[in-house]
Structures are given as C-alpha cells and as structure tokens.
Amino acid sequence: MIEMYTQKIDGILFAIALNQQQIITASFGENQQTTINNVLGNVPFDMPFQFFHEPSAFAKKTFVTLNDIYGGKDAKNNLALATANLPAYTKKVLKATSAIPIGYVTSYGEMAKTVGGGPRAIGNIMAGNPFALIVPCHRVVKADFTLGGYGGGLKVKLELLGREKRGFSSSREIEVDGEKLRILPTEYVLRKIA
DNA sequence: TGCAAACCATAAC
DNA sequence: GTTATGGTTTGCA
C-alpha cells in the first residue's frame with residue numbers, strides 16, 4: 001500500500017507518496033491541481049494507494065526536509081528514495097544531480113560529460129525528476145547560465161537559487177562515481193539574470 | 001543575436 | 001522495432 005500525504009506550509013503545497021521505507025515521489029506547487037497530479041503521475045499504475053490526513057513520522061520528516069530545501073537551507077537529507085525500478089541511466093543522472101552542493105550549479109552539458117549521454121537526455125530526465133527538491137534539479141542550468149526550464153516554474157527556480165547563494169566565487173570539481181563534475185557558483189546564474 | 005543541425009536516453013506507438 | 005520528444009549545445013552567418 002502506497003501512502004500519500006499533503007501538507008501546506010507558508011502557502012505552498014507539498015505532496016508525497018511513500019511506501020514504508022522509501023519515498024516514491026515528491027512534488028510541490030501553489031495549487032492542488034498540479035501538485036497532486038504530479039504525484040499521482042509518478043505512482044505505479046497498478047499499485048493501490050491511499051491518502052492519509054495525519055502524517056506518519058516518516059512523512060513528517062520528509063515534509064520538514066522539503067520545506068528546509070525550499071527555504072534555501074542546507075538540509076542534509078538522507079531520505080531513502082525508491083529508485084530501484086528507474087532506468088539505469090536515469091538513476092545515474094539523479095545521483096550525480098544529488099551530488100551538487102548548495103551554493104553551486106552545473107549545466108546540462110557538464111552533466112552529460114560526467115555521466116555520458118547528451119545534454120538533451122539530461123534535460124529530459126530533469127523534466128521527469130520524481131523527487132522534486134530532494135534531487136536538486138533546480139541546480140542544473142544552461143551552459144550560458146540562463147535558467148533552462150523547471151517543472152515548478154522558472155520563477156520558483158530563480159527564487160530557490162536566490163536563497164541558495166553562498167558567496168562562492170570560483171568553479172570547482174566534485175567527483176561522482178569516480179568521474180569529475182564541474183560545478184560553478186550559484187552567483188553566476190543570479191548575475192546573468194540581473 | 002539568431003537559426004539550423006547534431007545530440008541521445010526515454011516513452012509512446 | 002521505430003518514431004517523436006525535449007528543462008541543450010555548438011557552429012556559422
């Protein structure tokens with residue numbers, strides 16, 4: 001049985017689907033319509049599910065983390081994600097995305113260089129990210145530091161990045177699965193937009 | 001700047 | 001199997 005929960009915090013609605021141990025999908029938005037739809041769309045078609053009003057402990061913890069990330073806090077989350085039935089390449093991309101620390105961004109192209117494949121394939125996977133906020137797909141932008149797209153709307157993507165700036169001034173490299181990924185200060189994006 | 005072509009894993013037929 | 005689809009990138013005028 002899949003458990004679904006919603007919670008409204010500061011005017012924004014978070015929705016999640018959980019099994020006992022893992023997060024199946026998470027979404028957020030300003031209205032029920034899109035938020036709930038997103039969650040439903042990512043729940044396996046043949047699985048029974050039920051909405052719950054009172055959040056379980058796991059659900060509470062998840063909501064707190066979501067709200068922290070949304071608020072630009074460096075929420076160290078070790079939430080268990082249900083990635084098992086996702087395609088291998090998708091898993092790889094989501095994992096690399098999760099490795100981007102707060103205060104930095106990278107581009108679709110850089111990600112492609114790191115995990116293989118092409119920039120557009122990366123974009124496709126970001127667009128379908130089942131774990132909104134938890135996998136920080138908002139930290140992936142275009143090579144010229146314009147925003148690219150965002151499921152939750154470009155305005156939100158920009159707001160998130162605005163809260164995440166940490167004053168870093170130069171690019172650096174991190175390692176994911178033994179491959180190098182080039183990351184750049186969030187400021188580069190903010191400056192470009194301004 | 002702006003446009004066209006190359007790019008590449010997925011999902012949908 | 002094949003085709004269509006992008007949250008892209010690059011090159012060239």
Side-chain angles (χ1 to χ4, degrees), chain A residues 12-15 17 23-31 33-47 66 69-70 72 81-165 171 173-174 176-194:
Chain A
I12 88 129
L13 182 69
F14 297 94
I23 298 173
I24 294 169
T25 182
S27 177
F28 73 101
E30 291 180 339
N31 60 63
Q33 201 83 328
T34 54
T35 307
I36 308 261
N37 270 353
N38 276 339
V39 167
L40 288 175
N42 283 318
V43 168
F45 188 53
D46 52 350
M47 287 240 182
L66 286 172
I69 299 173
Y70 184 79
L81 306 180
T83 56
N85 42 19
L86 297 175
Y89 182 74
T90 301
K91 277 189 268 195
K92 205 172 174 187
V93 172
L94 293 180
K95 180 173 179 184
T97 307
S98 298
I100 307 169
I102 196 166
Y104 289 93
V105 298
T106 192
S107 74
Y108 302 96
E110 293 292 342
M111 290 246 356
K113 276 189 236 167
T114 299
V115 303
R120 306 198 69 173
I122 303 289
N124 275 336
I125 289 168
M126 293 313 177
N129 176 21
F131 312 107
L133 295 176
I134 302 171
V135 172
C137 58
H138 56 278
R139 295 181 193 150
V140 185
V141 298
K142 284 206 194 184
D144 64 359
F145 297 114
T146 56
L147 285 180
Y150 193 61
L154 289 181
K155 186 169 69 86
V156 175
K157 185 169 185 174
L158 184 57
E159 286 170 358
L160 286 170
L161 292 175
R163 280 178 227 127
E164 290 195 348
K165 73 175 170 181
S171 66
E173 284 180 344
I174 60 175
V176 332
D177 282 340
E179 300 292 325
K180 288 175 304 221
L181 173 63
R182 183 176 148 81
I183 59 177
L184 309 97
T186 307
E187 274 80 355
Y188 287 14
V189 177
L190 301 175
R191 189 191 314 156
K192 177 81 181 193
I193 307 292

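Every chain is numbered from 1 and lettered A, B, ... according to where its sequence line falls, protein lines coming before strand lines. Below, all heavy atoms of this structure are taken into account, side chains as well, without hydrogens, waters or symmetry copies. In this text, all values refer to a predicted model and were calculated from it rather than measured experimentally.
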The reported gap from OG in Ser27(A) to CG in Asn37(A) (rounded to nearest 0.5 angstrom) is 9.0 Å

Which nucleotide of DNA chain B is the first, and which the last, in the 5' to 3' direction, to come under 4.0 Å of a heavy atom belonging to chain A?
-> dA6(B) to dT10(B)

Taking only Watson-Crick and G-U wobble pairs with both distances under 3.5 Å, what dot-bracket line describes DNA chain B, where [ ] shows pairs that cross earlier ones and | shows pairs with another strand?
-> ||||||.||||||

Identify, between Val140(A) and Lys113(A), the residue whose nearest nucleotide on DNA chain C lies closer to the 5' end.
-> Val140(A)

Check the angle between the aromatic planes of Phe28(A) and Tyr150(A) and answer parallel, tilted or perpendicular using the 30° and 60° thresholds.
-> tilted

Which is true for Tyr108(A) with a 4.0 Å heavy-atom rule: it touches a base, it touches only sugar-phosphate, or it touches nothing?
-> base

How far does CD1 of Ile36(A) sit from CG of Asn31(A), to the nearest 0.5 angstrom?
-> 9.5 Å

Would you mind classifying the nucleic acid contact of Ala143(A) as base, sugar-phosphate or nothing, using non-hydrogen atoms under 4.0 angstrom?
-> sugar-phosphate

In whole angstroms, the gap separating C1' of dT8(C) from OH of Tyr150(A) amounts to 19 Å

Value rounded to 0.5 Å, distance of CD1 in Ile12(A) from OH in Tyr70(A) = 4.5 Å

Glu30(A), CD: over 12 other non-hydrogen atoms inside 6.0 angstrom | no

Atom pair distance, as rounded to whole Å: CD in Glu110(A) and C1' in dT10(C) = 14 Å

Whole-Å distance separating the CG atom of Asn124(A) from the C1' atom of dG6(C) | 4 Å

Looking across every strand, which nucleic acid part, if any, lies under 4.0 Å from Gly151(A) by heavy atom: base, sugar-phosphate, or nothing?
-> base

How long is the span from the CZ atom in Phe145(A) to the CG atom in Leu190(A), to the nearest 0.5 Å?
-> 11.5 Å

Between the CG atom in Leu158(A) and the CG atom in Leu147(A), the distance rounded to the nearest 0.5 Å is 5.5 Å

Between P of dG6(C) and CZ of Arg120(A), the distance in whole Å | 9 Å

Would you mind reading off the distance between Asp144(A) atom CG and dT8(C) atom P, rounded to a whole angstrom?
-> 10 Å

Answer with base, sugar-phosphate or nothing: what part of the nucleic acid does Val93(A) contact at a heavy-atom distance below 4.0 Å?
-> nothing

Indicate, with a heavy-atom threshold strictly under 4.0 Å, whether Gly118(A) touches base, sugar-phosphate, or nothing.
-> sugar-phosphate

Has Lys165(A) got more than 12 heavy atoms of other residues, nucleotides or ligands less than 6.0 Å from its NZ?
-> no

To the nearest angstrom, how far is Leu154(A) atom CG from dG7(C) atom C1'?
-> 8 Å

Give a yes or no on whether a salt bridge exists between Lys92(A) and Asp177(A), defined as a side-chain N under 4.0 angstrom from a carboxylate O.
-> no

